Colleague: 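Please find one structure pasted underneath; my questions will follow.
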Amino acid sequence: MKKQLFLLILLANGISFSQAQRKTFAQRADSVLKLMTLDEKVGQLNQYSGDWAHTGPITKDGDKQTQLRNGQLGSMLNVMGVQHTREIQEMAMQSRLKIPLLFGQDVIHGFRTTFPIPLGQAASWDITAIELAERIAGTEAAASGIHWTFSPMVDIARDARWGRVMEGSGEDTYLGSLIAAARVRGFQGKGIGNTDAVMACVKHYAAYGAAVGGRDYNSVDMSLNTLWQYYLPPFKAAVDAGVGSVMNSFNTLNGIPATANIYLVKDILKKQWKFDGIVVSDWGSVGGIIRHGYAATYKEAAMDAILAGCDMDMESRAYKDHLAKLVKEGKVPLKLVDESVKRILIKKFELGLFDDPYKFSNEAREEAQKNVPAHMAAARDLSRKSIVLLKNENHLLPLSAQIKTVAMIGPFAKAVKDNLGFWSMEWPDDSLTIVTQWDGIKNALGRNTEMLYAKGCNINDTDTSGFAEAMEVAAKADVVIMSVGEARDMSGEAKSRSNLHLPGMQEALIKAVHSTGKKIVLMINAGRPLVFDKAAAQADAILYTWWLGSQAGNAIGDVLTGAYNPSGKLPISFPRTEGQSPIYYNHLNTGHAAASDTINFYVTGYIDLRNSPAYPFGYGLSYTGFSYGDIKLNKTTINSSGKLVADISVTNTGNADGEETVQLYIRDLAASVSRPVKELKKFQKIFFKKGETKTVSFTLTVEDLKFYNDQLKYVAEPGDFKLFIGTNSDNVKETDFKLIK
Ligand code: NOJ
């Protein structure tokens with residue numbers, strides 16, 4: 001308890017700089033700008049990756065060293081650790097104006113302490129716990145010389161084939177926006193410039209998650225209405241939370257590369273939203289403008305990107321090689337370059353780097369952030385909250401204390417690094433703290449339970465030679481726990497899959513173990529929704545465990561034994577087959593909506609499959625049960641200044657204490673643009689003692705009823721609405737109300 005209190009104190013209320021401080025930073029930036037040559041200005045807009053392994057020798061690339069000393073670099077990524085960042089910063093300090101470098105890094109789900117992958121975290125629906133995870137990640141990263149994380153990734157993702165679904169918060173704009181803001185607050189803490197905070201970077205701007213066919217880096221074609229309604233709000237939420245930077249995305253949006261997209265960056269982000277931080281390209285995305293067929297040369301690409309508002313060029317070297325010339329030729333106004341440089345200098349001032357370029361290079365602080373018990377406790381907490389119970393026949397879980405023999409089977413049972421997930425940091429093995437599933441479960445079950453083990457098969461090959469042993473071991477056990485899934489590099493960047501089934505021989509292994517007649521608890525470790533219908537039919541209980549990170553084993557142990565009652569809810573719909581992708585709960589009704597979830601002719605659907613997902617958005621079971629009463633409204637009409645209060649009584653009907661995430665959705669029945677069949681508007685995660693009933697109360701105002709019309713105006717239109725409250729997007733109580741003028 002004390003520990004939790006301590007950790008909560010770590011959460012600051014998104015403190016930012018005062019007007020006066022901002023003015024001073026801007027003035028100081030101007031005074032530096034005045035001293036700079038054009039080449040030095042261009043240098044500030046140039047970012048390279050370190051080309052050494054994290055543990056390896058300092059830069060082997062003489063060219064980069066010279067550029068550092070000449071002031072031709074503003075920032076580096078992938079340089080980690082106090083010692084390395086110090087050495088590189090020392091090179092920058094040899095430059096004429098001694099402008100400090102910014103060190104950036106992808107801190108996506110933890111730094112030293114690895115938290116569940118972001119999609120898993122989103123399944124907790126616990127905004128405070130997510131903010132705390134980023135507070136910790138920020139603290140650990142800042143202690144290792146890092147100033148800037150390329151996170152949060154807030155791309156709405158409706159297609160599980162896209163490997164990067166693992167990095168975001170799933171398919172919902174409202175949940176995604178709350179999480180986006182929480183992550184920014186977590187990383188930036190009491191404000192950048194504090195030695196426990198890093199500057200956040202919201203990405204990938206914009207619409208990257210809608211890559212056609214779920215193929216990473218693919219083009220995006222999307223109406224502006226969809227863009228504004230679903231894809232932009234999490235970015236806006238991050239900007240409102242004070243995010244220090246934004247990263248362009250790789251895709252084209254309606255034919256124009258995001259990195260060269262004046263509408264997205266200059267007009268919306270910088271003008272309308274008044275974003276005053278840094279816009280950084282994605283890796284090589286300035287050069288990508290050529291490959292998209294939008295520019296013919298690097299010079300043109302550099303011009304397109306800077307004119308669109310991209311301040312920093314990550315690894316394309318297009319600014320470095322061409323920007324000065326473009327200015328001299330009058331093709332790019334110097335004023336524009338100055339503006340970008342100033343944005344970067346201001347952040348360097350805010351971080352305090354001009355006062356002390358080595359502010360984040362403190363050995364003692366770095367050492368103190370290794371294996372911090374309170375951080376591990378927070379990771380265990382968020383990990384168990386991220387686990388989603390999908391099935392629990394005959395209350396097989398939690399495992400009874402009477403069980404004498406448990407067999408643990410599957411390639412994840414004793415896996416180490418595969419628990420970590422795609423964007424986890426690479427550390428030398430001896431400094432890694434990972435609680436394996438085997439160890440965590442063994443500890444949780446205690447000495448009186450015998451544990452047997454068989455790997456059964458590898459994650460992704462055709463070898464079945466371990467099946468016989470697995471079946472033998474299963475036959476000796478009272479219960480079998482099978483842990484299967486995707487290897488850590490099967491979801492993530494450039495990891496799109498057309499086949500979402502369990503890889504390798506894992507489905508066959510489950511079938512073989514099932515043939516022994518033993519009860520099976522199936523755990524699925526993955527970075528995305530997988531298709532596992534056959535395995536699901538053979539398992540008695542299913543836990544979706546994503547990739548849980550450093551504390552995977554402990555968190556799973558807590559859930560299997562009931563020390564923690566699972567409370568996770570899916571932040572993304574799980575398709576029945578790949579062919580249903582993209583699939584999302586907040587779709588439009590269409591003019592041919594099916595009346596029921598059966599195969600029918602002349603309705604929108606397939607001739608060979610129902611429309612509903614395998615598991616809907618918001619779904620997740622508990623060891624206890626919750627029953628919902630009817631919705632009571634304080635009135636059935638509201639106007640633009642009114643408040644609609646919706647009360648519902650929820651009862652814990654089972655035998656355990658537990659948490660329930662009560663979800664409120666609305667539907668606007670007739671509007672000037674077609675509105676979705678359901679849209680999440682509110683939720684509350686509430687703890688209930690067994691047998692306890694609580695009235696859960698939600699308040700809606702006209703703001704919650706607004707949407708973008710065909711003129712892209714954010715409006716609420718009078719008319720009839722439905723209001724739903726329930727345990728998931730598919731299982732709700734409903735009532736009606738009216739918005740009047
Ligand atoms: C490319 C990825 O798309 C982006 O998310 C990441 O931040 C950069 N590489 C830097 O590693």
Side-chain angles (χ1 to χ4, degrees), residues 46-54 73-80 101-111 117-119 134 137-138 141 144 146-157 162-169 180 183-184 187 198-211 214-220 231 234-235 238 243-253 257-259 261 264 277-289 291-292 305 310-318 421-426 489 491-496 527:
N46 185 27
Q47 185 190 52
Y48 290 160
S49 176
D51 51 2
W52 43 88
H54 298 317
L73 264 178
S75 171
M76 296 205 74
L77 69 151
N78 296 334
V79 181
M80 288 204 328
L101 287 171
L102 278 180
F103 292 110
Q105 187 69 37
D106 289 290
V107 182
I108 312 289
H109 47 111
F111 187 67
I117 56 165
L119 187 62
E134 303 303 29
S144 267
I146 290 164
H147 309 136
W148 184 12
T149 172
F150 303 123
S151 181
M153 187 278 218
V154 303
D155 300 314
I156 295 299
W162 189 48
R164 301 196 81 167
V165 295
M166 56 117 352
E167 285 171 61
S169 297
R183 292 194 192 282
V184 172
F187 283 126
V198 288
M199 176 165 74
C201 180
V202 66
K203 69 187 188 185
H204 304 84
Y205 190 70
Y208 185 37
R215 260 171 44 206
D216 203 10
Y217 314 126
N218 208 358
S219 326
V220 173
Y231 287 80
F235 289 95
V243 72
S245 65
V246 175
M247 186 184 288
N248 300 126
S249 54
F250 283 127
N251 53 288
T252 48
L253 177 63
T259 309
N261 203 308
L264 276 180
I278 302 171
V279 176
V280 61
S281 79
D282 200 345
W283 185 296
S285 72
V286 176
I289 296 171
R291 295 183 291 278
H292 282 303
C310 169
D311 302 310
M312 189 179 275
D313 171 0
M314 181 194 288
E315 273 291 349
S316 286
R317 302 184 183 213
F422 186 83
W423 282 103
S424 45
M425 298 287 150
E426 281 297 341
D489 61 356
S491 282
E493 186 181 345
K495 304 293 177 208
S496 293

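In listed order, ligands and their atoms are each counted from 1. All values reported here derive from a predicted model rather than from experimental measurement. Values below: all heavy atoms of this structure, side chains included; hydrogens, waters and symmetry mates excluded.
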Colleague: Start with the C-alpha gap between D216 and Y208, add the side-chain angles, then the distance that decides, and say whether side-chain hydrogen bond (donor to acceptor under 3.5 Å, both in side chains) holds.
Modeller: CA-CA 9 Å; D216 203 10; Y208 185 37; 2.7 Å; yes

Colleague: Output the distance between atom CE (M247) and atom CZ (F235), rounded to the nearest 0.5 Å.
Modeller: 10.5 Å

Colleague: Any nitrogen or oxygen of R164 lying under 3.5 Å from a nitrogen or oxygen in ligand 1? Just yes or no.
Modeller: yes

Colleague: If you measure every N/O of H204 against every N/O of ligand 1, is any gap under 3.5 Å?
Modeller: yes

Colleague: Decide yes or no for S144 and Q105: does some side-chain heavy atom of the first lie under 4.5 Å from some side-chain heavy atom of the second?
Modeller: no

Colleague: With respect to W283, determine whether any N or O atom, backbone or side chain, lies less than 3.5 Å from an N or O atom of ligand 1.
Modeller: no

Colleague: List every atom of ligand 1 that sits less than 4.0 Å from any heavy atom of L77, numbering the atoms from 1 in the order shown and giving each element.
Modeller: 10 (C), 11 (O)

Colleague: With a 4.5 Å heavy-atom cut-off, do E493 and W423 have their side chains touching?
Modeller: yes

Colleague: Tell me, which protein residue and heavy-atom name are nearest atom 11 (O) of ligand 1, and how many Å apart are they?
Modeller: D106 OD2, 2.4 Å

Colleague: Quick one: does M153 get a heavy atom under 4.0 Å from ligand 1?
Modeller: no

Colleague: Please say whether K203 places an N or O atom under 3.5 Å from an N or O atom belonging to ligand 1.
Modeller: yes

Colleague: Under 4.0 Å from any heavy atom of M247, which atoms of ligand 1 are there?
Modeller: 4 (C), 7 (O)

Colleague: Tell me, please, whether Y48 has R317 positioned over its six-membered ring: NZ or CZ under 6.0 Å from the ring centre and within 45 degrees of its axis?
Modeller: yes

Colleague: When you look for heavy atoms under 4.0 Å from ligand 1, do you find them on the side chain of E167, its backbone, both, or neither?
Modeller: neither

Colleague: Within ligand 1, which atoms have a heavy atom of D282 less than 4.0 Å away?
Modeller: 1 (C), 2 (C), 3 (O), 4 (C), 6 (C), 8 (C), 9 (N)

Colleague: Is there a side-chain contact between V279 and Y205 (heavy atoms, below 4.5 Å)?
Modeller: no

Colleague: So, taking the atom named OG in S245 and the one named CZ in F150, what distance separates them when rounded to the nearest 0.5 Å?
Modeller: 7.5 Å

